[in-house]
Amino acid sequence: MNILVINAGSSSLKYQLLNPETGELPAKGLCERIGIDGKFTYKPQVEGKQVLDAIDVAMPTHSEAIAAVLDILVDPVDGVIKSVDEIDAVGHRVLHGGMEFSDSCIIDDEVIKAIEKCIPLGPLHNPANLMGIRACQAVMPKTPQVAVFDTAFHMTMPPKAYRYAIPKEYYENDDIRRYGFHGTSHKYVAKRTAELVGKKNFKMVNCHLGNGSSLSAIKDGKCMDTSMGLSPLAGVPMGTRSGDIDACVVQFICNKYNMSVDDCLTMLNKKSGMLALSGVSSDFRDLGDGADKGNEDCKLALEKFAYEVAKYVGAYAAALNGIDVLTFTAGVGENDGLVRGMVCDYLGFMGVKLDPELNKSRGKEMVISTPDSKVQVWVVPTNEELMIAQDTAELVNAAKAK
Ligand code: AMP
C-alpha cells in the first residue's frame with residue numbers, strides 16, 4: 001500500500017510517500033515558495049534515482065505543487081511508482097480539529113466545513129492545510145483523502161484537565177479550552193511504547209522535546225492531560241516560545257511599550273524561550289556548546305528548560321497517581337543526553353534512575369534507565385508521517401471493507 005502524506009503550510013508543502021505496513025519510504029520532499037518563485041525538492045530513497053534540490057518549478061498555487069509532486073513520483077526515470085493509481089490514499093496533517101474532531105477521518109464536504117469552522121482556533125495553519133486538501137482533491141479526484149489532526153489525540157482529556165478556570169460562556173460560546181498539540185507524535189510514541197514494553201495498560205509521560213515542546217500524561221494509551229493549551233504557546237519554554245506565562249505580563253508590556261496584543265504575542269511566540277534566555281540561539285546544540293564554553297546565559301536556558309520539563313513530569317505523575325514509563329522524543333528528546341540527564345536528575349524521588357552510558361545514545365529506540373529504576377525511561381524516536389499513513393490506511397481499508 002502507498003500513502004502520500006501531505007503537510008501543507010501557507011507557502012510550502014512537505015510530502016512523503018510511505019508504506020504504512022512496513023514503514024518503507026520510497027520518496028519524500030518539499031515544495032517551497034509556493035505563490036512566489038517555486039522551489040522544488042525531491043529525495044527518492046531508492047538507489048540510482050536523481051535527487052532534485054530546490055530547483056525552479058512554477059508553483060503559483062498548491063495545485064501546481066501537488067501536480068509537480070505527482071509528476072516526479074511517476075517519472076519513468078526518477079520516479080518510484082508507475083502511475084498515480086498506485087497511490088491508495090492521501091493523509092493530510094491538519095493543525096486544529098477544535099471540538100469537532102476526536103479522531104482522524106475521511107474527508108468529505110462536511111469534514112471540510114468542520115475544518116473551516118476551526119479556522120479561528122488555528123488561523124495560520126488551518127487555511128493552509130485546506131489549500132493542500134483542495135489541491136489534492138483537484139489533481140487526484142478519485143483518491144481518498146484523510147485528515148489527521150494535531151489536536152485529536154488529546155480529546156480524551158477529562159474536563160478538569162481541559163477546562164480553563166474562566167467564565168463558562170467563553171467555553172460554551174467560543175470553544176475556549178485546552179486542546180494540546182503534537183497529538184500525532186504523542187499518539188505514535190504511546191502506541192510504539194506499548195509495543196516496546198509489551199503491555200497495553202500502563203501509565204506514562206511522553207516528553208516531546210524539540211523546537212516546539214509538549215508533554216502528555218497518558219493512561220492505557222489515552223491522553224489524560226497535556227502541556228500545550230488553546231494554542232502551542234502554553235507549557236514548557238521552547239526554542240522561541242515563552243511557554244506558560246502570567247497573562248498580566250502581556251497587559252504590562254502592551255501598556256508600557258504601547259504594543260498591540262498581537263505584537264506582544266508574536267514576541268512571546270517568536271522571540272522568547274531559549275532564544276531569549278540564552279541571547280544566543282533557539283537551537284539546543286548551540287546552547288550546549290555555549291554552556292561548555294562557560295556562557296552563563298546558555299547554562300541558565302538549559303537549566304530553566306530541564307527544570308520546567310521536570311516540573312511537568314512531576315505534576316503528571318501526581319495526576320496519574322504514579323507512572324510506569326517516561327519517554328523522550330523529537331529532536332532534543334531523541335538526541336540530547338545532557339537535557340535528558342538534567343530532567344531525570346530531578347526525578348530520583350520517584351525512583352527514576354538513568355544509566356549514564358545508555359543515556360549517551362542518540363536517535364535510537366532504546367531503554368536508558370537502569371534495570372532497578374522504578375520508572376522505565378525510553379528514547380522513542382517519533383514518526384508523525386508514519387502515524388498519519390497508518391491512520392489513513394486504517395480508515396481507507398475499513399471503508400473498503402464496508
Ligand atoms: P525538532 O523540532 O523535533 O526538529 O527538534 C529541533 C531541535 O532538536 C533543535 O533545537 C536542535 O538543536 C535539537 N537537536 C537536534 N539534534 C540534536 C543533537 N544531536 N543534540 C542536541 N540537540 C539536537
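For reference, positions follow the sequence shown, starting with 1.
Although no hydrogens or angles enter the test, the distance criterion places no donor-acceptor pair under 3.5 Å between the side chain of Glu32 and the main chain of Leu30. With hydrogens and angles disregarded, a donor-acceptor distance shorter than 3.5 Å links the side chain of Ser272 to the backbone of Met267. Here the side chain of Asp263 pairs no donor or acceptor atom with the backbone of Met259 at under 3.5 angstrom. In this structure, the side chain of Thr392 engages the main chain of Ile388 through a donor-acceptor pair within 3.5 Å. A donor-acceptor pair is defined here as one N or O able to donate and one able to accept, closer than 3.5 Å; no such pair exists between the side chain of Ser104 and the backbone of Val148. Between the side chain of Ser282 and the backbone N or O of Gly239, no donor-acceptor pair lies under 3.5 Å. Ser278 places a side-chain N or O within 3.5 Å of a backbone atom of Ser281 that can act as its donor or acceptor partner.
Side-chain contact between Tyr42 and Val51 is absent, with no heavy-atom pair separated by less than 4.5 Å. In this structure, the side chains of Lys374 and Val352 stay at 4.5 Å or more apart for every pair of heavy atoms. You'll find the side chain of Met157 stays beyond 4.5 Å of the side chain of Tyr179, heavy atoms only. Taking 4.5 Å as the limit, some side-chain heavy atom of Val250 sits within range of a side-chain heavy atom of Leu268. In this structure, Val146 and His92 have side chains that are not in contact, with every pair of non-hydrogen atoms separated by 4.5 Å or more. Side-chain contact between Glu385 and Asn383 is present, with heavy atoms from C-beta onward closer than 4.5 Å. Between Leu130 and Ile119, the closest side-chain pair of non-hydrogen atoms falls below 4.5 Å. Using a 4.5 Å heavy-atom threshold, the side chains of Cys31 and Val69 count as touching.
The pair Arg285-Asp283 counts as a salt bridge, with a side-chain nitrogen and a carboxylate oxygen less than 4.0 angstrom apart.
Note that the OG1 atom of Thr143 and the CG atom of Leu70 stand 8.5 Å from one another [nearest 0.5 Å]. Here the NZ-CZ distance, from Lys222 to Phe153, works out to 9.0 Å after rounding to the nearest 0.5 Å. Residue His186 holds its NE2 atom at 11.5 Å from OG1 of Thr193, rounded to the nearest 0.5 Å. To the nearest 0.5 angstrom, Leu4 atom CG is 6.5 Å from Leu73 atom CG.
Donor-acceptor pairing under 3.5 Å is lacking for the side chains of Asp262 and Ser260.
In this view, Asp85 and Ser83 satisfy the side-chain contact (heavy atoms from CB on, under 4.5 Å) rule, not counting sequence neighbours. Under the salt bridge (Lys or Arg N to Asp or Glu O under 4.0 Å) criterion, Lys28 pairs with no residue at all, not counting sequence neighbours. In this view, Glu116 and Arg134 satisfy the side chain to side chain donor-acceptor pair (under 3.5 Å) rule, not counting sequence neighbours. Lys39 meets the side chain to side chain donor-acceptor pair (under 3.5 Å) test with Asp56; sequence neighbours excluded. For His62, there are no ring pair (Phe, Tyr, Trp, His ring centres under 6.0 Å) partners at least two apart in sequence or on another chain. Checked against side chain to side chain donor-acceptor pair (under 3.5 Å), Lys191 has the following partners two or more places apart in sequence or in another chain: Gln390. Not counting sequence neighbours, Lys82 has no partner by the salt bridge (Lys or Arg N to Asp or Glu O under 4.0 Å) test. Here Glu296 pairs with Lys299 under the side chain to side chain donor-acceptor pair (under 3.5 Å) rule; sequence neighbours left out.
Within a 6.0 Å sphere centred on CG of Asp109, other residues, nucleotides and ligands contribute 12 heavy atoms or fewer. By the 6.0 Å contact criterion, CZ on Phe349 is enclosed, its count of non-hydrogen atoms from other residues, nucleotides or ligands being greater than 12. By the 6.0 Å contact criterion, CD on Glu394 is open, its count of non-hydrogen atoms from other residues, nucleotides or ligands being 12 or less. In this structure, Asp108 places its CG atom where more than 12 heavy-atom neighbours from other residues, nucleotides or ligands lie under 6.0 Å away.
Counting all heavy atoms, side chain and backbone alike, Trp378 lies closest to Val367 at CE3-N, 3.5 Å. Contact between Val94 and Asn129 at its shortest, heavy atoms only, is CA-OD1, 3.4 Å. Looking at every heavy atom in both residues, Leu215 comes nearest to Tyr316 through O-CE1, 3.6 Å. Heavy atoms only, all atoms of each residue included: Lys49 and Pro44 are closest at CB-CG, 3.5 Å. Taking both residues in full, the closest heavy atoms of Phe284 and Gly210 are given as CE1-O, 4.1 Å, listed atom of the first, atom of the second, then distance. Closest approach of Thr226 to Gly180, counting heavy atoms only: CG2-CA, 3.5 Å.
Exactly one of His154, His182, His208 qualifies for a side-chain hydrogen bond (donor to acceptor under 3.5 Å, both in side chains) with Ser214. That residue is His182.
Using cut-offs of 30° and 60° for the angle between ring planes, the Phe40 and Tyr15 rings count as parallel. Using cut-offs of 30° and 60° for the angle between ring planes, the His96 and Phe181 rings count as perpendicular.
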Problem set entry | From CA spacing to verdict: side-chain contact (heavy atoms from CB on, under 4.5 Å), Val313, Cys207 | CA-CA 8 Å; Val313 176; Cys207 307; 4.0 Å; yes
Problem set entry | Test log, rule side-chain contact (heavy atoms from CB on, under 4.5 Å), inputs Met238 and Met228 | CA-CA 11 Å; Met238 309 174 209; Met228 285 178 166; 3.7 Å; yes
Problem set entry | Test side chain to side chain donor-acceptor pair (under 3.5 Å) applied to Asn335 and Arg362, step by step | CA-CA 4 Å; Asn335 295 298; Arg362 283 186 174 182; 5.5 Å; no
For this session: Might you work through the side-chain contact (heavy atoms from CB on, under 4.5 Å) test for Leu13 and Ile6, ending with a clear yes or no?
Result: CA-CA 7 Å; Leu13 185 148; Ile6 299 288; 3.9 Å; yes
For this session: Give the C-alpha distance, both sets of side-chain angles, the deciding distance and a yes or no for side-chain contact (heavy atoms from CB on, under 4.5 Å) between Val5 and Arg93.
Result: CA-CA 8 Å; Val5 174; Arg93 180 177 190 197; 6.0 Å; no
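Listed by first and then second residue, the salt bridge (Lys or Arg N to Asp or Glu O under 4.0 Å) pairs that reach into residues 14-24 come to none, sequence neighbours excluded. Applying the salt bridge (Lys or Arg N to Asp or Glu O under 4.0 Å) test to residues at least two apart or on different chains, the pairs with a partner in residues 223-248 are Arg178-Asp225.
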Kindly list each side-chain donor-acceptor pair under 3.5 angstrom involving residues 321-330, sequence neighbours excluded, with atom names and distances?
unit_1	atom_1	unit_2	atom_2	d
Asp324	OD2	Lys203	N	2.8
Thr327	OG1	Val205	O	3.3
Thr327	OG1	Asn206	OD1	2.9
Thr329	OG1	Glu334	OE2	3.3
Thr329	OG1	Val380	O	2.6
Thr329	OG1	Thr382	N	2.9

Extract all donor-acceptor atom pairs below 3.5 Å that involve side chains of residues 158-169 and protein atoms in other chains or at least two apart in sequence.
unit_1	atom_1	unit_2	atom_2	d
Tyr162	OH	Tyr171	OH	3.4
Tyr164	OH	Leu230	N	2.9

